[in-house]
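Read through the structure below, which is laid out as structure tokens, and then see the notes.
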Amino acid sequence: MCKKVKLTHLIFADDLMIFCKGNLASVNRVIEALSHFSATTGLEANMEKSSVFLAGIDDDTRNQIIKRTRFAVGEFSIKYLDLPLLPKKWRKTDCWSLIDKITQTIKVTYSKKLSYA
């Protein structure tokens, strides 16, 4: 779904999600980018709050990635901003909770702005 817009990471307030291929070369590039960012800005990731989510890779690669990142291993299924994060492509039914939230927000916002007159 994100291929057309070339989405590689998402930032929400002080949260950051970085997506990459499930191989050590890609993970090394991400770690290099984070190190460069840290050296440039003085900001560092909180390792206690950082997690890596792995799907569709063999055990050897999995162990290498965990060793390289030193992040805790997160487990699916989880929710972020009350939406499910899945290790596979979303189906239409997976999007209904998002559509419902957006619809509800619109209803609440507009109902506050409309007068009874």
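Everything quoted here is computed from the prediction, not taken from an experiment. Quick note: residue numbers are just sequence positions, from 1.
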Find the distance between CZ (Phe71) and CZ (Phe53) and round it off to the nearest 0.5 Å.
->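 Those atoms lie 11.5 Å apart.
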
OG-CD1 distance between Ser38 and Ile31, expressed to the nearest 0.5 angstrom =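 That separation rounds to 11.5 Å.
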
For [X], which residues count as a side-chain contact (heavy atoms from CB on, under 4.5 Å) partner, sequence neighbours excluded?
| X | value |
| --- | --- |
| Lys67 | none |
| Thr41 | Phe37, Leu43 |
| Asn23 | Lys21, Ala25, Ser26 |

Can you check side chain to side chain contact (heavy atoms under 4.5 Å, CB included) on Thr69 and Val30, steps first, answer last?
-> CA-CA 9 Å; Thr69 63; Val30 168; over 6 Å; no

Listed once per pair and sorted, the salt bridge (Lys or Arg N to Asp or Glu O under 4.0 Å) pairs that draw on residues 53-65, sequence neighbours left out |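 Listed once each, the pairs would be none.
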
Sort and list the pairs that fulfil salt bridge (Lys or Arg N to Asp or Glu O under 4.0 Å) and have at least one residue in residues 29-53, not counting sequence neighbours.
->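 Every pair satisfying salt bridge (Lys or Arg N to Asp or Glu O under 4.0 Å) with a residue in residues 29-53: Arg29-Glu32.
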
Looking only at heavy atoms, what is the nearest atom pair of Ser51 and Gly74, with distance?
->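 Shortest heavy-atom separation between Ser51 and Gly74 comes out as CB-N, 4.3 Å.
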
Nearest heavy atoms of Gly22 and Thr61, plus distance in Å =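 Smallest interatomic distance, heavy atoms only, reads O-CG2, 3.6 Å.
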
Please step through side chain to side chain contact (heavy atoms under 4.5 Å, CB included) for the pair Thr103 and Ile106, ending with a clear verdict.
-> CA-CA 5 Å; Thr103 303; Ile106 291 169; 5.8 Å; no

Mind checking side chain to side chain donor-acceptor pair (under 3.5 Å) for Asn28 and listing every partner two or more places apart, or none if nothing turns up?
->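 In terms of side chain to side chain donor-acceptor pair (under 3.5 Å), with neighbours along the sequence ignored, Asn28 is linked to Arg68.
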
Please examine the side chains of Leu54 and Ile66, heavy atoms only from C-beta on, and report whether any two atoms are closer than 4.5 Å.
->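 Side-chain contact under 4.5 Å: yes.
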
